[in-house]
Amino acid sequence: MFWDRVAGLAVVALGVAYWRAASALPRPLLQQDVGPEVFPHLIAGALVGLGVLLAGGPLLRRAVRWPAARPRPSEAELGPPPDVAAIVLVFAGLVGYTLAYERLGFILASALFMAFEIVVLEVERARWLWAVPVVVLLPVLLYLLFDTLLGVSLPAGLLG
Amino acid sequence: MESFFANLVTGFSIAATPMNLLYAFVGCLVGTLIGVLPGIGSVTTVALLIPITFGMSPTAGLILMAGVYYGAMYGGSTTSILANIPGESSAVVTTLDGHPMAKQGRAGAALATAAIGSFVAGTLSTVGLMLLAPPLAWVAISFGPAEYFSLMLLGLTAVSALGGRSLVKALVSMCLGLLLGTVGLDMGGFPRFNFGLVELYEGIDFIIPAIGLFALGEALDQAAVVRRTQLRHFDFKGRAWLTREEYRRSRGPWLRGSVLGFLVGILPGAGATIASFFSYALERRVSRHPEQFGKGAIEGVAGPEAANNASVGGAMVPLLTLGIPGSGTTAILLGAFMMFGLQPGPLLFQKNPDVIWALIASMYIGNAMLLVLNLPLIRVFVKLIDVRPALLVAAVLVLSTVGVYAANGRTFDLWLTLGFGVLGYLARRADFPAAPLILALVLERNMEDNFRRATTLSDGSLAIFLTRPISAAILALAVLSLFSPYIQAWLLTRRNARAGPVAPAGP
């Protein structure tokens with residue numbers, strides 16, 4: 001509930017900022033009845049309204065005695081608590097991967113990234129060795145499939 | 001009628017060329033392979049595989065994507081039955097009886113009834129699509145911009161109302177999608193909201209949020225639990241086959257599920273999940289042994305599996321004739337159409353009938369291929385369920401970058417995808433559905449164009465949406481769809497008050 005309120009306020013702020021950005025759009029020289037800002041204004045208005053509902057929803061509902069629709073526990077509440085360390089590490093890996101993508105090239109960057117993720121996420125160390133062929137072969141195969149066979153270009157990097 | 005058959009013959013003559021047969025086959029195979037992987041739903045599968053089609057002709061690319069869609073739907077059932085891990089919400093029902101069947105050593109029968117049911121349903125719903133789409137496209141040709149705007153709004157509100165837990169959150173997600181859709185050049189050729197970035201000049205490519213929200217979101221979600229989940233080993237021996245008795249019990253559910261799935265699939269927002277839940281409820285009601293449901297009743301697998309596959313054909317009806325996708329997956333397919341420079345809608349039937357009919361023909365072929373492929377190869381597919389989740393997460397993330405980078409060849413898009421991935425993960429935790437966002441983003445351009453055309457006709461007055469009768473009727477439906485969760489809740493509380501506690505119906 002607390003986070004819903006935070007999200008609601010963020011949505012209101014986004015709506016207001018979006019409204020102002022839309023109002024500041026340069027008007028086209030040709031006079032139009034409906035300019036480029038009208039549709040964004042409608043969206044911004046909807047965002048503000050929805051943000052208020054999200055932030056103040058429980059209070060409003062109590063005031064008008066409106067039944068809550070489909071009260072079900074969410075999967076997030078039922079599952080185990082998130083492993084924050086794992087998420088942070090996976091995210092850091094993704095940042096490194098993106099930085100290396102063009103510099104090292106698809107094959108090297110992908111192999112390093114996969115190796116890193118598997119070391120981070122695989123609990124059973126005995127499995128690390130099993131993953132080595134996949135870590136080496138998958139990036140090469142994907143590169144051959146997409147770049148060489150399908151003509152979808154991927155960065156060659158150091159190997160290029 | 002004559003031209004109808006002529007069209008179908010043309011369609012088959014295009015779809016049955018060796019290359020197109022190969023594409024249909026590859027689509028089905030790869031779709032099934034990725035669909036079988038635990039935790040990967042059909043939306044992610046379709047989004048991940050779009051880059052394969054980048055260099056292809058529109059017909060070949062769409063044939064391949066349709067195969068992927070079918071294959072992913074079917075592949076998901078294998079994971080539900082054997083591992084009790086539904087890859088997406090439409091596969092949840094299959095676990096209810098499919099997994100108990102597997103535990104009783106009847107996995108072969110469950111897999112077979114799912115495979116044959118999918119074939120029956122896929123074929124029947126393609127017949128439905130073929131019969132219904134041309135007349136609907138003919139009606140829709142008279143629609144003006146006001147009607148189109150209202151239709152798209154209906155598509156969006158229906159997906160929001162039916163797709164998530166909280167209506168407000170679903171609508172926030174929808175508005176966010178619209179907002180992101182306004183980034184880039186507007187119809188007058190003016191750049192908007194691009195923060196002066198050249199990379200955003202032409203707007204945000206749909207593949208970026210599609211892969212970020214779904215593939216990256218799912219991967220991060222798995223990463224969050226992977227070190228804490230106990231892994232079990234799955235094995236499947238024997239073969240996927242039905243006894244005479246099992247066949248007799250499956251026949252009815254297949255047919256009922258096909259019809260129900262097709263009809264529900266047509267409705268925007270309803271789609272596979274609701275179709276499968278309805279079919280399960282229906283089968284339990286008509287069964288002479290309702291007490292067996294939940295304990296391994298084959299009807300409880302046959303019906304819902306047929307229904308969720310039939311919903312694919314149903315979902316193609318509004319997608320092809322009106323250009324309105326009814327789900328996350330069809331929204332991505334719409335994005336794929338647009339990528340090929342095709343605009344689904346009534347004009348597509350006139351301008352590119354060959355593409356449409358080749359696609360329809362390929363759906364027949366693809367369904368038959370799936371059946372031939374799946375029954376014998378099931379033991380190979382099953383091995384994939386045992387893939388270590390750590391490896392799976394890493395591989396999915398690598399594959400995600402391919403589609404994103406290949407679209408424009410720049411790392412900027414990878415950074416943007418990373419942002420969407422984080423947003424997708426947080427949204428998942430906080431119960432904001434991602435499908436309305438994708439749908440809104442894909443539709444925004446068209447919606448705003450129609451909005452501005454309609455209001456230009458009316459000299460800037462918004463009343464045009466209400467004074468044109470068809471548009472007003474569609475808008476009324478859109479408003480009604482918004483209240484449907486509340487009506488549903490109200491009906492449930494009334495029924496509960498009368499009958500005491502009942503199992504929650506529907507998703």
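Keep in mind it's a predicted model, so treat the numbers as computed, not measured. Convention: sequence-line order gives letters A, B, ...; per-chain numbering from 1.
- Interface summary for chain B: among A:Ile87, A:Val123, A:Val84, A:Leu89, the most heavy-atom pairs under 4.5 angstrom belong to A:Ile87.
- Residues B:Ala394 and A:Glu117 approach most closely at CB-CB, 3.9 Å, considering heavy atoms.
- In summary, B:Arg388 and A:Glu124 engage in a salt bridge, as defined by a charged side-chain N under 4.0 Å from a carboxylate O.
- Contact annotation for A:Leu154: both backbone and side-chain heavy atoms come within less than 4.5 Å of a heavy atom of chain B.
- Between chain A and the options B:Leu176, B:Val172, B:Leu179, heavy-atom pairs under 4.5 Å are most frequent for B:Leu179.
- For A:Leu42, the part lying near chain B is the side chain, with the backbone staying farther off; criterion is any non-hydrogen pair under 4.5 Å.
- Proximity to chain A (any heavy atom under 4.5 Å) is shown, for B:Ala395, by both the backbone and the side chain.
- For the atom pair B:Met174 CE and A:Ile43 CD1, the distance stands at 8.5 Å (nearest 0.5 Å).
- Of the listed residues A:Val95, A:Asp147, A:Leu138, the one with more heavy-atom pairs under 4.5 angstrom with chain B than any other is A:Val95.
- Heavy atoms closer than 4.5 Å to chain A are found in both the backbone and the side chain of B:Val402.
- Interface residue B:Thr401: backbone and side-chain heavy atoms are both found under 4.5 Å from chain A.
- Rounded to the nearest 0.5 Å, atoms CG (B:Asn450) and CZ (A:Phe39) are 10.0 Å apart.
- Residue contact with chain A, scored on non-hydrogen atoms closer than 4.5 Å, involves the side chain of B:Phe149 exclusively.
- Interface remark: of the candidates A:Val119, A:Val152, A:Val135, A:Val152 forms the most heavy-atom pairs closer than 4.5 Å to chain B.
- Closest non-hydrogen pair, B:Phe432 versus A:Leu54, comes out as CZ-CD2, 3.8 Å.
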TODO: Apply side chain to side chain donor-acceptor pair (under 3.5 Å) to the pair A:Tyr18 and B:Thr182, showing each step before the final yes or no.
DONE: CA-CA 11 Å; A:Tyr18 186 53; B:Thr182 60; 2.5 Å; yes

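- Between A:Leu47 and B:Cys175, the shortest heavy-atom contact is CD2-CB, 3.5 Å.
- By number of non-hydrogen pairs under 4.5 angstrom with chain B, the leading residue of A:Ala24, A:Gly51, A:Ala22, A:Ala109 is A:Ala22.
- If you tally non-hydrogen atom pairs under 4.5 Å between each of A:Leu14, A:Leu25, A:Val11 and chain B, the highest count goes to A:Leu25.
- With B:Tyr405 as the fixed residue, the ring-ring contact (aromatic ring centres under 6.0 Å, His included) test singles out one of A:Phe106, A:Tyr97, A:Tyr101: A:Tyr101.
- In this structure the side chain of A:Met114 reaches within 4.5 angstrom of the side chain of B:Leu391, judged on heavy atoms.
- In this structure, no portion of A:Leu149 lies under 4.5 Å from any heavy atom of chain B.
- Both the backbone and the side chain of B:Ile52 come within contact range of chain A, judged by heavy atoms closer than 4.5 Å.
- The heavy-atom pair separating B:Ala223 from A:Leu121 by the smallest distance is O-CD2, 4.0 Å.
- Interface residue A:Ser153: only backbone heavy atoms are found under 4.5 Å from chain B.
- Taking B:Trp415, B:Phe451, B:Tyr425 one by one and counting their heavy-atom pairs under 4.5 Å with chain A, the maximum is reached by B:Trp415.
- Evaluation of the ring-ring contact (aromatic ring centres under 6.0 Å, His included) test over residues 124-146 of chain A, restricted to residues two or more places apart or in two chains, returns none.
- Residue contact with chain B, scored on non-hydrogen atoms closer than 4.5 Å, involves the backbone and the side chain of A:Pro155 alike.
- When each of B:Pro51, B:Gly181, B:Ala219 is scored by its heavy-atom pairs under 4.5 Å with chain A, the top score falls to B:Pro51.
- Two residues are said to be in side-chain contact when any heavy atoms from C-beta on lie closer than 4.5 Å; B:Glu448 and A:Pro40 meet this criterion.
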Task: Verdict with reasoning, A:Val90 to B:Leu397, per side chain to side chain contact (heavy atoms under 4.5 Å, CB included) - done: CA-CA 10 Å; A:Val90 169; B:Leu397 290 172; 4.1 Å; yes

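- With B:Arg192 contributing its side chain and A:Pro36 its backbone, the two residues share a donor-acceptor pair below 3.5 Å.
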TODO: Apply the test side chain to side chain contact (heavy atoms under 4.5 Å, CB included) to residues A:Val38 and B:Thr455: give CA-CA distance (whole Å), side-chain angles for both, the deciding distance (0.1 Å), then the verdict.
DONE: CA-CA 10 Å; A:Val38 178; B:Thr455 44; over 6 Å; no

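- Shortest non-hydrogen contact noted between B:Arg227 and A:Ala85 is NH2-CB, 3.7 Å.
- Atom CZ of A:Arg103 has 12 or fewer heavy atoms from other residues, nucleotides or ligands within 6.0 Å.
- Here the CG-CG distance, from B:Leu216 to A:Leu94, works out to 5.5 Å after rounding to the nearest 0.5 Å.
- Chosen from A:Leu99, A:Thr98, A:Ile118, the residue pairing most often with chain B at heavy-atom distances under 4.5 Å is A:Thr98.
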